[in-house]
**Student:** 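Sharing a structure below in structure tokens format, with a few things to ask.
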Amino acid sequence: MPHLPDVVLWSIPAFVLLTVLELVSYRLHPAEEGGAAGYAAKDAATSIGMGLGSLAFDALWKIPIVAVYAGIYELTPLRVPVLWWTLPLMLLAQDFFYYWSHRGHHVVRILWACHVVHHSSRKFNFTTALRQPWTSLTVWPFYVPMIALGVHPAAVAFCSSANLVYQFWVHTERVGRLPRPFEYVLNTPSHHRVHHASQGGYLDRNFGGILIVWDRLFGSFVPEGERPVYGLTKNIDTYNPLRVATHEYAAIARDLRAARGWRERAGRVFRGPGWQPTRLTPAGDESRTKSEPPTKNEPPTGDVLSTGDVPPGGAQAPGSRAAAPERVA
């Protein structure tokens with residue numbers, strides 16, 4: 001078993017220091033009205049509470065995940081040693097699979113029920129990075145290919161932790177655009193602000209963890225233009241950590257009880273968060289059912305779309321706002 005450092009544990013002092021510095025910066029230079037989101041005590045406390053809770057639940061979910069990974073690792077004849085030149089390749093592979101995990105958790109509703117927690121804050125600061133789900137059991141299947149190719153489970157865990165640590169610093173409004181080469185290759189605060197925005201043209205974009213090149217390759221990249229409005233298209237208006245962690249699962253349960261058959265039930269679980277069934281009207285015409293209030297993945301106005309209906313490459317969905325001049329650093 002490779003002996004790799006716990007990068008999250010070693011990074012905690014940096015997390016605390018950066019959060020304090022950002023908070024002080026807002027005290028000295030308050031957020032512009034309508035611009036930077038700044039801090040709110042209850043919101044920050046909820047984010048920190050969700051982060052602490054995720055540590056406990058992740059320790060619980062780790063038991064079955066490690067068992068599955070260990071079984072796959074023992075079955076595969078392949079082995080990738082942890083060396084100075086293989087570790088960067090492992091990080092690259094993990095970032096690639098993270099992209100698809102992250103994208104999947106936006107376009108499949110039962111997966112979104114886990115990830116929606118991270119998008120539930122209407123603030124965007126370093127404490128938002130700590131707002132993590134308590135049901136991360138849905139993530140592990142995306143990294144099975146790495147294990148099957150002979151990467152040790154401990155190395156996968158190390159790469160995942162390194163990816164998580166990198167993403168902490170992109171949760172801020174205090175950093176503008178970086179020089180173009182960095183913006184082209186890396187996930188930056190500018191790119192991640194887009195990802196956390198609730199406007200129609202920004203929804204389900206910029207999924208990259210460390211690298212933004214995956215979004216450029218697979219048609220999900222959108223540059224920052226108009227100022228982001230953070231949160232969900234239907235905000236949950238609660239600071240209760242339990243409700244934050246479970247509200248979308250409760251919504252799925254309500255939709256399943258109201259569904260008119262197994263086809264609709266499957267759609268409510270496995271289609272996009274904005275999906276609505278098509279039903280026949282009395283005249284025999286197909287129509288969408290009346291929409292529930294939109295979620296993060298639905299445009300706030302206009303026709304109800306499934307997440308898969310959102311046009312790739314940055315075209316704005318119906319109901320999105322017109323793009324404003326680009327923000328400068």
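The structure displayed is predicted, hence computed values, not measured ones. For the single chain, residues carry numbers from 1 onward in sequence order.
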**Student:** Could you tell me if T128 and Y230 have a donor-acceptor pair between their side chains, going purely by distance under 3.5 Å?
**Tutor:** no

**Student:** Run the numbers on Y39 and K123 for side chain to side chain contact (heavy atoms under 4.5 Å, CB included), then give the verdict.
**Tutor:** CA-CA 7 Å; Y39 274 79; K123 304 294 183 182; over 6 Å; no

**Student:** Starting at OG of S101, measure out to NE2 of H106 and round the result to the nearest 0.5 Å.
**Tutor:** 10.0 Å

**Student:** Heavy atoms only: give me the nearest R79-E74 pair and the separation to one decimal.
**Tutor:** NH2-CA, 4.3 Å

**Student:** Does the separation of the ring centres of F168 and F126 fall below 6.0 angstrom?
**Tutor:** yes

**Student:** Taking all non-hydrogen atoms of both residues, which atom of S190 and which atom of R177 are closest, and how far apart?
**Tutor:** OG-NE, 3.7 Å

**Student:** Classify the ring geometry of H119 against W112: parallel below 30°, tilted from 30° to 60°, perpendicular beyond 60°.
**Tutor:** tilted

**Student:** Please report the shortest heavy-atom distance between G49 and W134, naming the atom on each side.
**Tutor:** O-CZ2, 4.2 Å

**Student:** Quick check with a 6.0 Å cut-off and a 45 degree axis cone: is R193 positioned over the face of Y202's six-membered ring?
**Tutor:** no

**Student:** Do T76 and I147 pass the side chain to side chain contact (heavy atoms under 4.5 Å, CB included) test, and can you show the C-alpha distance, the side-chain angles, and the key distance before you say yes or no?
**Tutor:** CA-CA 8 Å; T76 181; I147 307 295; 5.7 Å; no

**Student:** Check the pair N187, N206 against side chain to side chain donor-acceptor pair (under 3.5 Å), reporting the backbone distance first and the verdict last.
**Tutor:** CA-CA 8 Å; N187 184 22; N206 298 3; over 6 Å; no

**Student:** Please tell me whether Y98 and W214 form a close aromatic pair, meaning their ring centres lie under 6.0 Å apart.
**Tutor:** no

**Student:** Mind checking the NE2-NE2 spacing from H171 to H196? Nearest 0.5 Å is all I need.
**Tutor:** 3.5 Å

**Student:** With a 4.5 Å cut-off on side-chain heavy atoms, are R131 and V244 touching?
**Tutor:** yes

**Student:** Evaluate the side-chain proximity of V116 to L232: yes if any heavy-atom separation is below 4.5 Å, no if none is.
**Tutor:** yes

**Student:** Let me see the working for D237 and R243 under salt bridge (charged side-chain N to carboxylate O under 4.0 Å, His left out), right down to the final yes or no.
**Tutor:** CA-CA 10 Å; D237 295 321; R243 284 190 60 197; over 6 Å; no

**Student:** What about the rings of H102 and F142, do their centers lie closer together than 6.0 Å?
**Tutor:** no

**Student:** Looking at side-chain heavy atoms only, is the closest gap between L87 and F158 below 4.5 Å?
**Tutor:** yes

**Student:** Evaluate T127 against N125 for side chain to side chain donor-acceptor pair (under 3.5 Å), listing each step before the verdict.
**Tutor:** CA-CA 5 Å; T127 65; N125 52 54; 2.4 Å; yes

**Student:** Under 4.5 Å between any side-chain heavy atoms of F97 and M146, yes or no?
**Tutor:** yes

**Student:** Would you call the rings of H115 and H105 parallel, tilted or perpendicular, taking 30° and 60° as the class edges?
**Tutor:** perpendicular

**Student:** Parallel, tilted or perpendicular, judged at 30° and 60°: which one describes the rings of H192 and H118?
**Tutor:** tilted

**Student:** Write down the atom of V222, the atom of G201, and the distance for their closest heavy-atom approach.
**Tutor:** CG2-O, 4.1 Å

**Student:** Just how far is it from atom OH of Y99 to atom CG of L211, taken to the nearest 0.5 Å?
**Tutor:** 12.5 Å

**Student:** If you compare all heavy atoms of P2 against all heavy atoms of A154, which two are closest, and at what distance to 0.1 Å?
**Tutor:** CG-CB, 4.1 Å

**Student:** How long is the straight-line distance from CZ of R257 back to CD1 of I252, given to the nearest 0.5 Å?
**Tutor:** 12.0 Å

**Student:** Where is the tightest heavy-atom contact between D215 and R205, given as atom of each residue plus distance?
**Tutor:** OD1-C, 4.5 Å

